[in-house]
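Some notes on the structure that comes next.
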There are 2 protein chains.
Amino acid sequence: MTDDPPNPALLPAGLSDLLPPEAAREAALVEAMMGVFASHGYERVKPPLLEFEEGLLQGSGAALADQTFRLMDPESQRMMGLRADTTPQVARIAATRLRAAPRPLRLCYAGQVLRVRGTQIAPERQLPQLGVELIGVDSAEADAEAAALGVEALEAVGIAGVALDITLPAMSPALLDAAGLEGTARARLARALDRKDAAEVARLAEAAGPPAIFLVGLLAAAGPADGALAALRAAPLPEGPRRIADNAAEVVAALRRRLPGLRITLDPVEFRGFRYHTGVAFTLYGPGRTGELGRGGRYMSGEEPATGLSLYPDAALRAAPRAAAPERIFLPLGHEPAVAAGLRRAGRVTVAALSPADEARALGCTHALRGGEVVELGRAGGAPGPGAGDARDTGARDARHTKE
Amino acid sequence: MTDDPPNPALLPAGLSDLLPPEAAREAALVEAMMGVFASHGYERVKPPLLEFEEGLLQGSGAALADQTFRLMDPESQRMMGLRADTTPQVARIAATRLRAAPRPLRLCYAGQVLRVRGTQIAPERQLPQLGVELIGVDSAEADAEAAALGVEALEAVGIAGVALDITLPAMSPALLDAAGLEGTARARLARALDRKDAAEVARLAEAAGPPAIFLVGLLAAAGPADGALAALRAAPLPEGPRRIADNAAEVVAALRRRLPGLRITLDPVEFRGFRYHTGVAFTLYGPGRTGELGRGGRYMSGEEPATGLSLYPDAALRAAPRAAAPERIFLPLGHEPAVAAGLRRAGRVTVAALSPADEARALGCTHALRGGEVVELGRAGGAPGPGAGDARDTGARDARHTKE
């Protein structure tokens, strides 16, 4: 086996080709969502894919150290990392080259991120990512602006019915602090919360005494935001947790003013997966089973308070409705170039014959130019376009739809 | 010195941040040029940034082996490369996943490429690249389509007056073959051609005898295509070089039919920098001193004849005219959200106040919403936008234009 030449079609696990028409769809989704960010005054930055690892892994980047590919820079003999997230790079730009720019600073980005290992449910190791960072402002209004932008961007690409789930990653630690819980007892209770094991949380919290007991009620209160906020209001929380709860209520109110119809859920004691968030964190879900479409929340951008949002175009690609395949107009040899140019200016796709052997349907054309007129081709004998080739390899996310 | 903490603003040589407004301009140029490719029936593919090195360095990729970053895949324990060019990846896709798709196969791509070392005049180690590949067809019409697409894409982003320089990388080797030149004598003549040292070419070619002597005239014939083609027609070339010359004439004729006004030059004996081209090769130049904007030509895509074109968006960014900075409309606290949404739908940029401290001009706004009306702000006291921060670091390609 080891002497066999490697299969040239084989890509490393978690790395894949996006074929027609999916690659064009993804690019169009990204630019449409970036257009929404730009319309709200967010200005695009483009950090490099590679930079020195100490820069990349600073601040919020530290959470991704074990997911970052490293390579040696032959110029400087220093280690570089391939970015696994763009937020730490935007924080670097804000703190250095844009440190004199007025605050709040609104920046946005789109690009690829790479990670060393995929997970079982998300095997991809290269992911497209786009997002916004709102830097230098610590307010519920700012958090609401970032979250609402995510909803608006997804709506702009046809994904309606997005739901927003808010978590308060600092709440559980603050309650455990207030209860004076440390060491093994704290670790055990944190693990039970992490597993959402209500019985175990109740058992351990009761043993721990007063402020920890709120965890039992708050775990049960997870659900629609109004109910969860009512549970938070009703609980006689100590000062730290109370501030966190009041902030959550403000963020929800600011969101309701922006998006009255948005479905908002709140899980006050959830804290998984938000390793660098310092205030509210949020996740955007598509309707039905389309899964997580984006994530964001409050964090420290270097020394500055900030809030941000990342959207996952690969997930949006699965959730967004598909446009009809564009018409393709075959241009026979000797066609009038000005007529063809006029068709393209009108937004139509042309495919020019290069030899007498080229045939309209074989090239995936739905129409042809004949005597200066565009005529629709019959439905019989339609041939598949490029994407209908062999799509068996890993990463063939979508076979192409036959065009006729 | 070695104990100083590294400067967080410092990026590895040849890697840089693109700041506002340049990052948005680059993205808009790329999508506008990709739109031209799509309008001609080229369908987008998106290969991964990383793949196994043996795949990446096959065929035309071999020429870039020493410019390719490598890293170990912890999953497979095999070496991967970070692409230094996208063409070999598109060739792989055409030969594997799209091998059953009809020919000619028209594909396009846009993305980043990385290289181990920059050069003195082009220090960048990450470059945006976009292009087309026209696979499975060997004709002058195909070469002309690819080259003309480059001109049309550059025109679409406002770069008029593009000139096309055609070279015939196979011509000099064919003449040296016909002259039976080998070993040191051949290497010396090739070097003189490479340096365009006419006196040395003449001296060595005369010593070598008949077919080599054509090199003297062909070196002198470089210039406007009509003159160079006339020199090729006049020379009694042996069979191999004659075929190459006739093909060049066909490509020029096919280009003239598409773009009658295009300035075309032809350098029959130039062969630098086109290491994998098997037929005509071409370079697109912007007007004035804007330099090389793209490059392409005929090559083998695996086992198939192909022609392709790459454009360099970073060069296009320097050559393209700048649009006026967009108006930014400040939305005071308590503004009517529906009015603001209407402004954005009409293509305008809004910037919402998040606190009473936010001030329109400090946020780079040119206009403000007041009582439901958009009013222009006075010119005094304009504050710089984000890009006017510290742009001293390497890679600050453009300071932002102040908006007022």
Side-chain angles (χ1 to χ4, degrees), chain A residues 6 8-9 11-13 15-20 23-24 31 39-41 43-52 54-55 69 71 73-76 80 92-93 96-102 104-105 112 116 126 137 139 141-142 328 344 349-351 354-355 362-363 383 386 389-391 393, chain B residues 6 8-9 11-13 15-20 23-24 31 39-41 43-52 54-55 69 71 73-76 80 92-93 96-102 104-105 112 116 126 137 139 141-142 328 344 349-351 354-355 362-363 383 386 389-391 393:
Chain A
L11 290 172
L15 294 167
S16 58
D17 297 315
L18 215 51
L19 295 187
E31 291 310 317
S39 78
H40 284 268
E43 297 202 274
R44 192 167 188 144
V45 292
K46 183 193 170 201
L49 285 163
L50 277 174
E51 57 175 278
F52 291 129
E54 58 266 37
F69 278 115
L71 40 82
D73 178 12
E75 300 265 330
S76 62
M80 301 191 293
R92 173 183 56 69
I93 291 172
T96 56
R97 299 183 57 193
L98 298 183
R99 68 172 177 268
L105 180 61
Q112 309 299 309
V116 172
Q126 175 177 334
V137 55
S139 72
E141 289 296 332
R328 285 162 67 97
R344 288 189 297 268
V349 172
T350 64
V351 180
L354 296 171
S355 86
L363 294 173
D390 181 0
D393 305 324
Chain B
L11 290 172
L15 295 166
S16 58
D17 297 315
L18 213 52
L19 296 186
E31 291 310 317
S39 78
H40 283 269
E43 298 203 272
R44 193 169 187 142
V45 292
K46 182 194 170 201
L49 284 162
L50 276 174
E51 58 175 277
F52 291 129
E54 57 267 37
F69 278 114
L71 39 81
D73 178 12
E75 300 266 329
S76 62
M80 301 190 293
R92 174 182 56 70
I93 291 172
T96 57
R97 299 183 57 192
L98 298 183
R99 69 171 175 269
L105 180 61
Q112 308 299 309
V116 172
Q126 175 178 333
V137 55
S139 72
E141 289 295 331
R328 285 162 68 96
R344 288 189 296 269
V349 173
T350 64
V351 181
L354 297 171
S355 88
L363 294 173
D390 180 359
D393 306 323

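Quick note: numbers below take in every heavy atom, side chains included, and nothing from hydrogens, waters or symmetry partners. In the text below, chain A, chain B and the rest are named by the order of the sequence lines, each starting its count at 1. Note that this is a predicted model, so its numbers are computed, not measured.
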Can you tell which part of B/Phe69 gets under 4.5 Å to a heavy atom of chain A, answering side chain, backbone, both or neither? side chain
Looking at residues at least two apart in the chain, or sitting in another chain, which of them share a side chain to side chain donor-acceptor pair (under 3.5 Å) with B/Ser76? B/Asp73
Between chain B and each of A/Pro48, A/Pro74, A/Pro47, A/Ser139, count heavy-atom pairs under 4.5 Å; write down the option with the most. A/Pro48
For the candidates A/Leu50, A/Leu71, A/Val137, A/Leu354, which exhibits the highest count of non-hydrogen atom pairs separated by less than 4.5 Å from chain B? A/Leu354
Do A/Gln126 and B/Lys46 get their side chains close enough for a donor-acceptor pair, meaning under 3.5 Å? no
So which of B/Gly41, B/Ala24, B/Ser39, B/Ala23 has the largest heavy-atom pair count under 4.5 angstrom toward chain A? B/Ser39
Mind running side chain to side chain contact (heavy atoms under 4.5 Å, CB included) on B/Leu19 and A/Leu98 for me, showing each step along the way? CA-CA 9 Å; B/Leu19 296 186; A/Leu98 298 183; 4.2 Å; yes
Which atoms of B/Ile93 are under 4.5 Å from chain A, going by heavy atoms: the side chain, the backbone, both sets, or neither? side chain
Is there a side-chain contact between A/Leu11 and A/Asp17 (heavy atoms, below 4.5 Å)? yes
Residue, of B/Glu141, B/Gln112, B/Glu75, that accumulates the most heavy atom pairs under 4.5 Å with chain A: B/Glu75
From B/Leu15 atom CG to A/Met80 atom CE, the distance as rounded to the nearest 0.5 Å: 6.0 Å
For B/Pro102 versus A/Ala362, what's the shortest heavy-atom pair and its separation? CG-O, 2.8 Å
Segment of B/Val116 engaging chain A (4.5 angstrom heavy-atom cut-off): both
